[in-house]
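Protein chains get the first letters and strands the later ones, always in sequence-line order, with residue 1 at the start of each.
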Amino acid sequence: MSAHLLENLNPEQRAAVTLPHESALILAGAGSGKTRVLTTRIVWLIQTGQVSPHGVLAVTFTNKAAKEMMTRISAMLPINTRGMWVGTFHGLANRLLRTHYREAGLPQSFQILDSQDQLSAIKRLMKAMNVDTEKYEPKKVQRFINSNKEAGHRARDAEAYDEYSMRLAELYEAYDAQCQREGVADFPELLLRAYELLYRNEPLRQHYQDRFRHILIDEFQDTNTLQYRWLKLFAGPHTALFAVGDDDQSIYAFRGANTANMAEFEREFAHGNVIKLEQNYRSHGHILTAANTLISQNAHRLGKNLWTAEGDGEPIRVFNAYSDQEEASFVVDEVRALNREGMNLSDMALLYRSNAQSRVLEHALFSASVPYRVYGGLRFFERQEVKHALAYLRLLTNPEDDGAFLRVVNFPTRGIGARTLEQLTDGAARAGMSLWQAACTGGGKVAGFAKLIEDIKQVTADLPLAEAIDHVIEASGLADYYRADKEGADRLENLNELVNAAALFSQETEENTYDATGEPAPGETESVRALDTFLAHAALEAGEHQAGAGHDALQLMTVHAAKGLEFHAVFITGLEESLFPHEQSANEESGLEEERRLMYVAITRARRRLYLSHAQSRMLHGQTRYSLPSRFLDELPEQVLLNLNRRSEPAYPSGGYHAPAPAPRSPQTGNDTGYKVGQSVAHAKFGTGIIIDFEGRGADARVQVKFRDVGTKWLALAYAKLSAA
DNA sequence: ACAAGTGTCCTTTTT
DNA sequence: GGACACTTGT
């Protein structure tokens with residue numbers, strides 16, 4: 001049985017899967033079979049009787065990865081995997097807190113705030129405290145709170161050395177008090193609460209440490225400080241930690257991921273028990289060479305070099321476009337050509353650094369009737385109409401939730417305006433009540449709202465989840481509101497979808513094969529528990545980015561979103577200085593290294609064919625910007641590149657992939673110098689740059705040049721020795 | 001009380 | 001270009 005399991009694994013993979021009961025670090029390069037190793041190890045451990053499903057804790061970062069892992073395990077292991085804890089950090093923390101809510105100091109029906117909810121809670125607090133939001137931007141306050149929580153610091157432990165940060169710490173403290181009062185927890189709070197729960201409660205800690213014999217962590221390079229400490233707390237003296245990660249693919253430092261965790265883990269747990277998976281099963285040789293060469297220019301690495309048994313494959317195609325539009329039409333032409341040759345659109349991906357870049361590409365694809373799918377943007381449970389419905393539901397199960405109250409008290413409009421709410425808020429604060437309580441004791445329109453919620457509560461008390469939600473949508477007036485709205489059809493549709501989602505959710509949790517969000521607690525009111533579990537699910541798993549019409553479509557996404565995916569053909573677009581690497585990251589060494597890792601991730605998504613393109617001019621934020629090619633292009637080995645611009649005609653000005661591009665539309669066209677805006681030039685002293693502006697004629701002519709290394713300068717053409725580059 | 005108009009700021013993102 | 005906050009007008 002287990003011999004069969006280990007077939008088709010290479011020696012390193014097999015060694016990793018069959019490691020003895022010891023902690024180990026698996027450095028798994030891109031495309032090296034990381035997930036396979038992780039899941040096979042779990043199955044192997046169970047099959048060989050070394051652990052029962054009950055003793056396994058497997059942690060991932062995304063719900064998608066957790067589901068994928070569970071699916072693969074169930075496919076290999078025909079036994080009940082219910083006792084296994086597989087989920088995201090937040091999902092598992094939630095599970096722990098729901099089970100031990102009393103010990104954790106939370107109400108049973110505590111609600112989870114997503115980032116949006118958290119931000120509005122902070123704004124509300126700051127308003128109540130009369131804090132100047134110019135001086136203390138709510139977003140910055142949010143970042144302060146979250147980064148402190150993620151470092152394991154409560155307000156009292158927060159580093160505060162000056163007036164400004166001391167004020168931030170005060171806000172943090174007040175914010176936590178508000179959350180406690182309202183019975184809500186934000187994302188980092190889930191982790192910190194769960195951490196503190198186990199840290200302070202010795203018997204509980206003992207219990208879980210004894211239980212989990214094996215802890216396996218996916219994407220370990222993405223863990224933050226708190227998550228690492230969390231894992232250490234779960235690990236008892238008899239627990240083996242199996243951490244899988246790739247420091248070269250760490251692209252989330254900006255949100256707190258701490259790559260140093262890998263080195264630390266090696267020191268604290270693995271003790272030299274490190275296995276490198278370096279054979280890549282995804283990409284052809286030239287693509288890997290490019291990736292290896294690029295990433296070798298990062299100074300801080302654990303060190304790893306991917307290789308493949310495949311041949312070199314095709315060269316990497318580089319295209320220099322005159323404008324973002326030309327870049328887009330180039331991409332469209334290539335995509336169609338590949339599609340004609342038989343490659344599915346869904347096997348091709350268009351990658352970009354930031355979401356704003358997708359529009360030009362979308363426009364070109366749309367005009368050419370190429371089906372495409374964009375990842376990113378609003379997700380199902382984040383849509384305003386869905387959040388409104390959820391707020392009503394939250395109010396039913398947890399009336400202390402002022403955030404939910406304020407969200408829906410006047411939506412649909414009930415004639416309850418700012419003035420009324422101000423009075424209500426003041427009254428509630430003076431009496432030390434929640435808004436809900438204050439509304440119940442008062443009169444007028446606000447009391448009418450309270451009555452409405454009370455009625456809904458009565459009717460839905462014994463209804464199944466989906467029917468309860470359906471009633472809420474009707475009785476609250478949400479449905480009528482969107483029916484009356486000319487543009488409300490989609491929103492109405494989504495509310496319908498919410499009812500369906502709830503029905504599906506009830507069905508799935510009943511079957512209970514996989515339950516990442518809540519432990520069924522015996523003896524509690526059925527429908528209330530179901531509602532709480534569903535609301536937690538909605539917050540923790542915000543749903544798909546877009547309703548997936550499962551047809552063959554080209555895939556558009558940011559490089560971040562592409563991590564973990566692979567495609568036959570990949571287009572990396574917008575390879576320009578200030579865009580990729582992004583200008584806000586390029587200044588710092590660590591920022592630049594992260595951008596380089598991002599580029600590394602992008603390159604290693606490709607199996608057979610890779611296109612790199614950049615545009616000399618680009619519409620961004622309503623302005624045309626001129627940029628130099630990304631330094632990452634220079635960091636690739638020339639022998640694996642194929643410059644498409646040099647196929648038939650000179651590279652400049654249009655690149656001439658197809659029709660020559662129109663002349664630049666600049667008020668200075670038609671000058672007499674032989675230079676134009678957008679052109680790349682070289683200067684003996686300042687290096688290479690690009691002309692971004694122009695003034696004067698003849699002997700007085702001056703050009704403004706944006707140099708890669710020395711910034712932007714005005715140069716008199718009569719004196720500066722410029723040459724075309 | 002609320003709709004319509006004006007001004008500001010723009011990474012990346014999962015939970 | 002577009003989301004979001006804030007101000008003005010009815």
Item to complete: Provide, to the nearest angstrom, the distance between the CG atom belonging to A/L535 and the P atom belonging to B/dT15.
Response: 18 Å
Practice prompt. Determine the contact category for A/F61: base if any of its heavy atoms lies under 4.0 Å from a base atom, sugar-phosphate if only primed atoms, P, OP1 or OP2 are that close, otherwise nothing.
Written response: sugar-phosphate
Worksheet item: Out of B/dT11, B/dT13, B/dT14, which nucleotide sits closest to the side chain of A/T558?
Response: B/dT13
Worksheet item: Should we say atom CD of A/Q325 is surrounded by more than 12 heavy atoms from elsewhere, each under 6.0 Å from it?
Response: no
Item to complete: Counting heavy atoms from C-beta on, name the nucleotide in B/dT13, B/dC10, B/dT15 closest to the side chain of A/N355.
Response: B/dT13
Worksheet item: With a non-hydrogen cut-off below 4.0 angstrom, is A/T420 in contact with a base, only sugar-phosphate, or nothing?
Response: sugar-phosphate
Worksheet item: Under 3.5 Å, is there a donor-acceptor pair between the A/Q142 and A/Q118 side chains?
Response: yes
Item to complete: Would you check if the distance from the ring center of A/F366 to the ring center of A/Y372 is below 6.0 Å?
Response: no
Discussion item. Could you tell me how far apart A/D114 (CG) and B/dT15 (P) are, to the nearest whole angstrom?
Written reply: 12 Å
Practice prompt. Go through B/dT11, B/dT13, C/dG2 for me and flag the one nearest to the A/R359 side chain.
Written response: C/dG2
Worksheet item: For A/Y252, which contact category applies under a 4.0 Å heavy-atom criterion: base, sugar-phosphate, or nothing?
Response: sugar-phosphate
Practice prompt. In whole angstrom, give the distance that lies between atom NZ of A/K139 and atom C1' of B/dT13.
Written response: 13 Å
Discussion item. Need one value for A/N410: base, sugar-phosphate or nothing, where a base atom within 4.0 Å counts as base even if backbone is also close, heavy atoms only.
Written reply: sugar-phosphate
Worksheet item: Just checking A/I416: base, sugar-phosphate only, or nothing, at a heavy-atom cut-off of under 4.0 Å?
Response: sugar-phosphate
Worksheet item: Hey, which of these two, A/L598 or A/A542, hits DNA chain B nearer its 5' end, going by closest nucleotide?
Response: A/L598
Discussion item. Counting distance alone, no hydrogens or angles: does the base of B/dT12 have a donor or acceptor under 3.5 Å from a partner atom on the side chain of A/R353?
Written reply: yes
Discussion item. By the 4.0 Å heavy-atom rule, please label A/A93 as base, sugar-phosphate, or nothing.
Written reply: nothing
Worksheet item: Rounding to a whole Å, what distance do you find between A/F254:CZ and B/dT15:P?
Response: 13 Å
Fill in: A/Y199 six-ring centre to A/R229 NZ/CZ under 6.0 Å and within 45° of normal
no
Worksheet item: With respect to the side chain of A/T413, which nucleotide from B/dC2, B/dT15, B/dT11 is positioned closest?
Response: B/dC2
Fill in: Pi-cation contact, A/F449 with A/K451 (under 6.0 Å, within 45°)
no
Discussion item. Heavy atoms only, 4.0 Å cut-off, all strands: where does A/S115 land among base, sugar-phosphate and nothing?
Written reply: base
Item to complete: State which of C/dG1, C/dA5, B/dT13 makes the closest approach to the side chain of A/K123.
Response: C/dA5
Worksheet item: Base, sugar-phosphate alone, or nothing: which one does A/E595 contact when heavy atoms must sit under 4.0 Å apart?
Response: base
Worksheet entry | Distance, rounded to the nearest Å, where A/L92 contributes CG and B/dT15 contributes P | 13 Å
Worksheet item: In whole angstrom, what separates A/L421's CG from B/dC2's P?
Response: 10 Å
Worksheet item: Given the P atoms of C/dC4 and B/dT13, what is the spacing between them in whole Å?
Response: 16 Å
Practice prompt. Name the orientation of the base relative to the sugar in B/dT12: syn if the glycosidic angle is within 90° of 0, else anti.
Written response: anti
Practice prompt. Round to a whole Å and report the spacing from CG of A/L226 to P of B/dT15.
Written response: 17 Å
Discussion item. Distance check needed: B/dT15 P versus A/N94 CG, whole Å only.
Written reply: 14 Å
Worksheet entry | Salt bridge A/R597-A/D247, side-chain N to carboxylate O under 4.0 Å | no
Worksheet item: Picking from B/dA1, B/dT15, B/dT11, which would you name as closest to the side chain of A/H582?
Response: B/dT11
Item to complete: Taking the six-membered ring for Trp and the single ring otherwise, decide whether the centroids of A/F61 and A/H90 are under 6.0 Å apart.
Response: no
Discussion item. With nearest nucleotide decided by heavy atoms, which residue, A/E594 or A/K445, maps closer to the 5′ end of DNA chain B?
Written reply: A/K445
